[in-house]
Every structure is written in structure tokens, then in C-alpha cells.
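A, B, ... follow the sequence lines: proteins, then strands. Residue 1 opens every chain.
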4 protein chains.
Amino acid sequence: MSPRRRDTEGTAAARAERRAELLATAAEVFASQGYAATTIRKVADAAGILGGSLYYHFDSKESMADEILSTFLDEMWAAYDRVLQAGLGARETMEAIVVESFRCIDRHRPAVVIYQNESKHLAAGERFAYLLDSHRRFESMWTALLERGVAEGAFRADLDRGLIYRFVRDTVWVAAGWYRTGGRLSADDIAKQYLAMVLEGIQVTEAT
Amino acid sequence: MSPRRRDTEGTAAARAERRAELLATAAEVFASQGYAATTIRKVADAAGILGGSLYYHFDSKESMADEILSTFLDEMWAAYDRVLQAGLGARETMEAIVVESFRCIDRHRPAVVIYQNESKHLAAGERFAYLLDSHRRFESMWTALLERGVAEGAFRADLDRGLIYRFVRDTVWVAAGWYRTGGRLSADDIAKQYLAMVLEGIQVTEAT
Amino acid sequence: MSPRRRDTEGTAAARAERRAELLATAAEVFASQGYAATTIRKVADAAGILGGSLYYHFDSKESMADEILSTFLDEMWAAYDRVLQAGLGARETMEAIVVESFRCIDRHRPAVVIYQNESKHLAAGERFAYLLDSHRRFESMWTALLERGVAEGAFRADLDRGLIYRFVRDTVWVAAGWYRTGGRLSADDIAKQYLAMVLEGIQVTEAT
Amino acid sequence: MSPRRRDTEGTAAARAERRAELLATAAEVFASQGYAATTIRKVADAAGILGGSLYYHFDSKESMADEILSTFLDEMWAAYDRVLQAGLGARETMEAIVVESFRCIDRHRPAVVIYQNESKHLAAGERFAYLLDSHRRFESMWTALLERGVAEGAFRADLDRGLIYRFVRDTVWVAAGWYRTGGRLSADDIAKQYLAMVLEGIQVTEAT
DNA sequence: TATGAATGAGAATTCATTCAT
DNA sequence: AATGAATGAATTCTCATTCAT
């Protein structure tokens, strides 16, 4: 609009980019050392600035964790919602959800690790209420999906539903603990094999 | 129950019992709040004494974690060793290991949670070197077991070995995160169903 | 009651005494340097302990100010209430109130100084809501008293009531700024002369 | 108002004007929140600019306080000096001084508040030595004036001189705490009533 | 055995100030 | 003139640990 538009945009964009950079660094450190055990100084060191300087960009250590987690969860649910609205069968839906989950791990590994390790403790604070919401939504999604899968004859009916839910849930996310981008297997490869294990089991069967 | 047989024995036993009590409390708190986020005061509060009083029983916060973890690991490896020395086939060995693992979770849930969440960070300290040892031993045990299973024709050969290892490893231990003694399913029930899932998968097959 | 009673009481009393000691020190420092400009270290130094040690006794710097001010205000209002319930005439009530005020300054000088200098800023915080309450109660008390005095023919009717209120109010309390216990004049002497000034003025009159 | 007559003059004048604007804002904030509790950012926010920008105009936070206070004191003493050199009687001099004081409060209320609340603390710094000078000069002026008033038979001799001094001094200046320009009473109205109170007292006398 | 008062190192956070743009 | 990103010292507060009782 005005001749300053480029400049203003550039400035706003630069600021957002810096924030994102710093958040990525912070997420890395939180994930590898643990949120509580990570000092602001460690994050700042990793970012190459001084501790106090972080407070120009963020209100607090907590708000960094907040932004890291909410960004990741927003993106994850957007992906899940696309899958859920696609009208697939239970089994295909499950496959797609697992694939999206591994892509999420691929793109947000540190955030996923933080979510795994710290969300239980963080959820105590009011500002992290959305973690509980997400958790509940996650549980309903999977419970409904597994129920539907049993009804459609895709999933076994002889196993405890709660157990399956936890099995599937944990099985996917703990991979964030060891996954590294650029490793031998791509996220989609891993998703495929995880699905094979979860669906077909690891034993030799005639069907295999 | 019985009156103290001799003063010295009674005193020594009483002391050991008090230690165990306090350790159980500490483990509970470490597990639920996270080791780094748990203050000595929280532990003391949970035990109904004052912070300083814990130092009559223990050298440091670290030594509590140490004792909690090493006690658990000792017992776990003792159980594993009994299984491994029984000369079973790969598949039966795996089943027995998983069963023992769930029994371990049953008896040492807080310790398992701590092990899961904190061992990576704690292992940095020299006194926790045994955590790395245990980890390595765990990895070789499973890798060898899975390898043997494939060789014996019990386990599928078409999946990435590393992936299966991680899958099985995580799958068992994360259960400590939600397991509660005295729940609807016993530890052995859960072990059985977990094995069914891991071995046979959750999809419907003709074999099922 | 129990044989330990003396001990327990002694301990509880000792603790209360230590708190009071530290609060007196803190009040001194807050009063002389200003609350915001006083660091916890300065208070601790004045008390001969380390900064962190203060937190064994108090939750925060704010809670020290809180306790200092509320203790003082409680005592002041207790004294005022005794006067107000004595059923005196307006003029005698005023004299008694002023006398009690100077006694309050005598016993709680630092608290009064803090009240004077900082209550406006502190009152913003929720925990200091009672400062506003006290302020309002103070204003109603004086306004009613002056009104009654005018009705009884004791006080002049030709002056702005709001102005008199502020005049009397400030006149009494600012004395905390320079008063020192054990000076040439006792609190009661000062009260007497202040009353003479406020009631009769400083100019020479035939009546004087 | 008029177009800038010359560039240099216009620029210099504009700069001076901006400084004055910013100082007025700063004084407002210092007065209402307290000097120590006021951050540079609060001042900048109130001025609609960023914190760092203030340093284009001023060397430091301290220099702002310095300029605010010295400007006010210079003007006050100029007014006082005019009165003192007019050769009036003690009583008339006092009346004129009080009137000038309220006019000062009217024009420099924030500065007066800052002077009241902070000069004791600020005076510690070398650059604020003039605060002490002013204070001493103030005390001699009043002491001499009251002494003269007693000698001239205008003021009562039965009251402690030090007390009267403090009474008059405080009585005038604390008004800055509640005075607002444009209120019901003008500065001169207030001065008149204050004088009536101080000189004649608030009780009903036959002379009144 | 446990208490209670303290220590002291280090945590998160604040803020006056600087400086390149 | 003003911005925005940083600096670095200081501040409040925390907490593992000690120790006399």
C-alpha cells in the first residue's frame, strides 16, 4: 500500500522469523534436557545470545513452551481434521492418521518430545488447559475410530478397547524419542512398518 | 508384627524399613512430578516430615533417585536372567520377558516411570553409569532375541530389526505411564493382551 | 497440658518473635529507603542474615510489606474504635484521635512512613485491598467527625469541609516523616501542640 | 504557532519543546508510580515511543528526574525571592509565600510530588546536592520568618518553633498529593483557606 | 530421628542502557 | 527522531544442603 509496505512487512516478517528461530532452538534444548532442567541460559547459549535477551522476544520460559506446544498441536489437529473429514473407512483412516503422526514427528520432533514428557506436568497450569483438551480429543478420536473399526469388521473385537487405545497412542508417539530426520528410514517408511506391526503383528503367520 | 527380637536388630531393621518407606514416597513424587521439578520439600511433605530430616536418611536427592533406580533394575535383571537361563525358544522367551516386565511395572511403577522419563538426563552423572549399562544390555538382549526369533521362524523377517526393537521396547514400558495396581486388569492380563497385539496385530485375520 | 507444652510454646513464641524482629528491621529499611528501592539483600544485611534466609520466614518482599502494614492498621483502628465508642463530643473525640495517632506514630513509625509513601502504589495489588478500605474508613470517620463538630458549634463552618479533612489528615501523619522516639518532645507533647495549632491557629489572638 | 522562522532556530526550539513534552510525561509517571518503581518503558509508553528512543533526548533516567526537579525548584525560588525582597511584614510575607507555594503546586504538581516523595532518596547522589541546599534554604527561610513573626507579635510564642516549622512546611506541600488543576477550588482559593486554617485554627472563636 | 533456622549457589526475570539502522 | 535487538548487571526468589539442638 504505502511505499513503506515492503519495509514494514520485512520488519514484521523478520521479527516473526527470529521468534521462530529462537523457539526452534528452545524446543531442541527443552526436548533434549527436559523442560524443568533447562535453564534460560542454556537456551540463550544455544541461540548465541544472553539470557536476558530472550525476554525481548518472549514473556517467560513458560510462554516459550506454550508457543512451541500450541503451534505443534494446531498443525497436528489440522492434519488430523483433514483426514477425519475425508470419509475413509476405519482402517484407511487409521493408516492415514498414523502417517500424519509420523510426518508430525518429522517436522516437530522436539515439540512432540516435550509434549510426551512434560505435558502431564505442564497441564497443571491454567494456560496449558489446551493440553488436556487435546488429550481428551485425542482419546475420543481414537476410541471412536477403534470402535468403528471393530464394527466394520476391520479390527479385532477380542481385545480390551482401552488397552488398544493406549497401545496405539503410545506406540506412535514414543517414536519421537529416537526418530531423527534424515535417518535411514523416512517418516513415511517408518509409518508403513509401524502400521504393519500394529495391524499384523510381528509373528509369522500364514497370511503374511 | 512380632516384638523386636533384639534391640540392635530391631533398630537396624526399623531404619531400613523407614528408608524403604521414604524411598517409596520419593519415587511416587518423582514419578508424578518429574525428578527435576520435584523439590526435597515436596518429598518431605509427602512423607510428613521436614525437608532437612530427609538428610538423616539419605545423602542427597541424587542418592534417592540412585537407590530407587538401582533397586528396580536389580530386581528386573534378576527376573530377566531367570527367564534367559531357562532355555526357552525365542517366542516363549519373549512372552516370559514381557510378562516379567509387566510384573515389574506392577511392583515398581514409580521407578519405571522415573527410569523412562529421567534416565536419559541422569545418565550424564557418573554415579548413574549403570543406567547406560542396563540400556545397552537391554538392547543386546532384545536384538539377540529378535534375531533368534527370525532365525527360528517365529518372527517376521520383512521388518526393520531396529524398528521392531524400539517398537517392542517402548510398547512395554510406556504402560507404566498409565498402569495402576488394582485396576480392572491384572498385570498378567495386560501382558497377555499386549503380547497378542504385538505378536498378532490388531486387525482381523483368518487365523484369529 | 502435656509436659511438652512449655517447649512447644517456647518454639512457637520464638518463631513469632523472630518474625517480628525481622519485620521491624524490614520496616525500618523500607521506610528509610523506600519500598521499591529496597532490595531484599538490604533487608537481609540489616538483619545480619543472607537474602535467601528471609524466605524461610516470609513468602515474598510483598508479604513483608503486607504484614507490616496490616499489623499497624489493625492496631491503629483498634485504638480509634476505642475512642469512637467512648461517646465523647466532637472536639474531645478529635483530640483523642490525634493523641492516638501520635502514639501510633511513636510505636509504628516505620510502618506509618511506609503507609504514607507507598500505600498509593501498593494498593494496586489485590492483596492490599485493605489499604483502600482503611483509607475510605478514615475519610468517613473524619468527615463525619468534622461535620458533627460543625453541628455542635465546635468547628468553624466557613471553611471547605474537604479541605479541612485533608488538612487534618495530612497534618497528623506527615509527622511520621521526622518524628523520632526519645526526642525532645514526647508523642503526647507533640499531639498537644499539634492540636493547639490546628484548633487555635498559629497567629496571636486576643483569645489566646 | 508561527512558521519556523529559521531552520536552526526552529529545529532547536522544536527539540526543546519535545524535551519539555517528554519531561512533563515523565514527571507525571514518576509522580503517580514512584520514581524507583517507574521503568523507562512506562515513561516511553506514556509518551507513545519506545524505551530506547528516550535516550536520544536524555542521558539517563536520573537526568530526567534532575531536570524535572531543578526546573521546578528554580522557578519556586525565583518566586520566593520576589516575595522575600518585597519588604513585607512577617505575616504578609508568610501569606505571600503560601500563595506562591500553591501556585507552584498548580503549575508543577508532578514535580512537587516527586520532590516530596523522592528527594530524600535522590539527595544521596552527588548530582542532586542542590536538593539538600534547597532544603536547608527552605528551613532557614521559614525559621527566620517565624522568628520574625514572633518578634513582631504576629505569631504565638508559646509553641515549639521546630514544630511550627514542620507543621507549616508539610501542611503546604502535602497538598500536592491531592490537588488537581481545574478542580472546584483554584490554587489561590486553597491558599486562602489553608492560611485561614493555619493562622486562625479550625475551632470556633469569638474573633472568627 | 526429627526440627528449624540458616546457607549459598543459581534460577527466572527485570530493566537501564547501547547502538546499528 | 525513532526503532528494535541486544547487553549485562541486578533483583526476587528457589532449593539442595548443613547443622546445632
Side-chain angles (χ1 to χ4, degrees), chain A residues 7-8 10-12 14-15 18-19 22 36-44 47-64, chain B residues 11 14-15 18-19 22 36-44 47-64, chain C residues 7-8 10-12 14-15 18-19 22 36-44 47-64, chain D residues 11 14-15 18-19 22 36-44 47-64:
Chain A
D7 272 320
T8 316
T11 304
R15 179 179 223 135
R18 185 71 175 117
R19 275 179 77 84
L22 293 170
T38 298
T39 68
I40 282 292
R41 256 206 87 204
K42 282 179 186 165
V43 175
I49 58 179
L50 290 179
S53 306
L54 279 174
Y55 288 85
Y56 178 76
H57 300 278
F58 305 99
D59 284 344
S60 63
K61 183 182 171 185
E62 213 186 48
S63 78
M64 289 184 225
Chain B
T11 302
R15 174 173 296 197
R18 186 73 177 116
R19 273 179 79 85
L22 292 171
T38 298
T39 67
I40 282 291
R41 256 207 84 200
K42 280 180 187 167
V43 174
I49 59 178
L50 291 181
S53 308
L54 280 174
Y55 287 82
Y56 178 79
H57 301 277
F58 305 98
D59 285 345
S60 64
K61 184 183 174 186
E62 223 185 15
S63 78
M64 290 185 227
Chain C
D7 272 321
T8 316
T11 305
R15 180 180 222 137
R18 186 74 176 114
R19 275 179 78 84
L22 293 170
T38 298
T39 68
I40 282 292
R41 256 207 87 204
K42 282 179 187 167
V43 175
I49 57 178
L50 291 179
S53 306
L54 278 175
Y55 288 83
Y56 177 76
H57 301 278
F58 305 99
D59 285 344
S60 62
K61 183 183 172 185
E62 214 185 49
S63 78
M64 289 186 226
Chain D
T11 303
R15 173 173 295 199
R18 186 75 176 115
R19 274 178 78 83
L22 292 171
T38 298
T39 68
I40 283 291
R41 255 207 85 201
K42 280 180 187 166
V43 174
I49 58 179
L50 291 182
S53 308
L54 279 174
Y55 287 82
Y56 177 78
H57 302 279
F58 305 99
D59 285 343
S60 64
K61 184 183 174 186
E62 222 185 14
S63 77
M64 289 185 226

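Distances shorter than 4.0 Å separate none of the side-chain N or O atoms of R18(A) from OP1 or OP2 on dG4(F). Regarding contacts with the backbone of dA6(E), a side-chain N or O of H57(C) is found under 4.0 angstrom from either OP1 or OP2. Of the side-chain N and O atoms in Y56(C), none sit less than 4.0 angstrom from OP1 or OP2 of dA6(E). For the OP1/OP2 pair of dA5(E) and a distance below 4.0 Å, the side-chain nitrogens and oxygens of R15(C) include at least one atom meeting the criterion.
Going from atom NE2 of H57(C) over to atom CZ of R15(C) covers 8.0 Å, rounded to the nearest 0.5 Å. Within the model, atoms OG of S63(D) and CG of L54(D) stand 10.0 Å from one another, a figure rounded to the nearest 0.5 Å. With rounding to the nearest 0.5 angstrom, the OH atom of Y56(D) is 16.0 Å from the CG atom of L50(D).
Straight-line distance from the CG atom of L54(C) to the P atom of dG4(E): 19 Å, rounded to whole Å.
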Taking Watson-Crick and G-U wobble pairs with both distances under 3.5 Å, convert DNA chain F into its dot-bracket string, 5' to 3', dots for unpaired and | for cross-strand pairs. .||||||||||||||||||||
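If you take atom P in dT21(F) and the same atom in dT1(E), they sit 22 Å apart, rounded to whole Å.
Not a single side chain to side chain donor-acceptor pair (under 3.5 Å) links R41(D) to another residue, sequence neighbours left out. Qualifying side chain to side chain donor-acceptor pair (under 3.5 Å) partners for Y55(D), counting only residues two or more places apart in sequence or in other chains: none. Taking the side chain to side chain donor-acceptor pair (under 3.5 Å) definition, one finds that K61(B) meets it with nothing, sequence neighbours left out. Here R18(C) pairs with E21(C) under the side chain to side chain donor-acceptor pair (under 3.5 Å) rule; sequence neighbours left out.
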Indicate for each nucleotide in nucleotides 13-21 of chain E, in 5' to 3' sequence, whether protein heavy atoms under 4.0 Å reach the base (B), only the sugar-phosphate (S), or nothing (-). BBSSBB---
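A36(D) and A36(C) get closest at one heavy-atom pair: CB-CB, 3.9 Å.
Along DNA chain E, the nucleotide nearest G48(C) and the nucleotide nearest L22(B) are compared for position; the residue whose nucleotide lies closer to the 5' end is L22(B).
Looking at M64(D) and L22(D), their side chains never come closer than 4.5 Å, going by heavy atoms from C-beta outward.
Here L50(A) lies in heavy-atom contact (under 4.0 Å) with a base.
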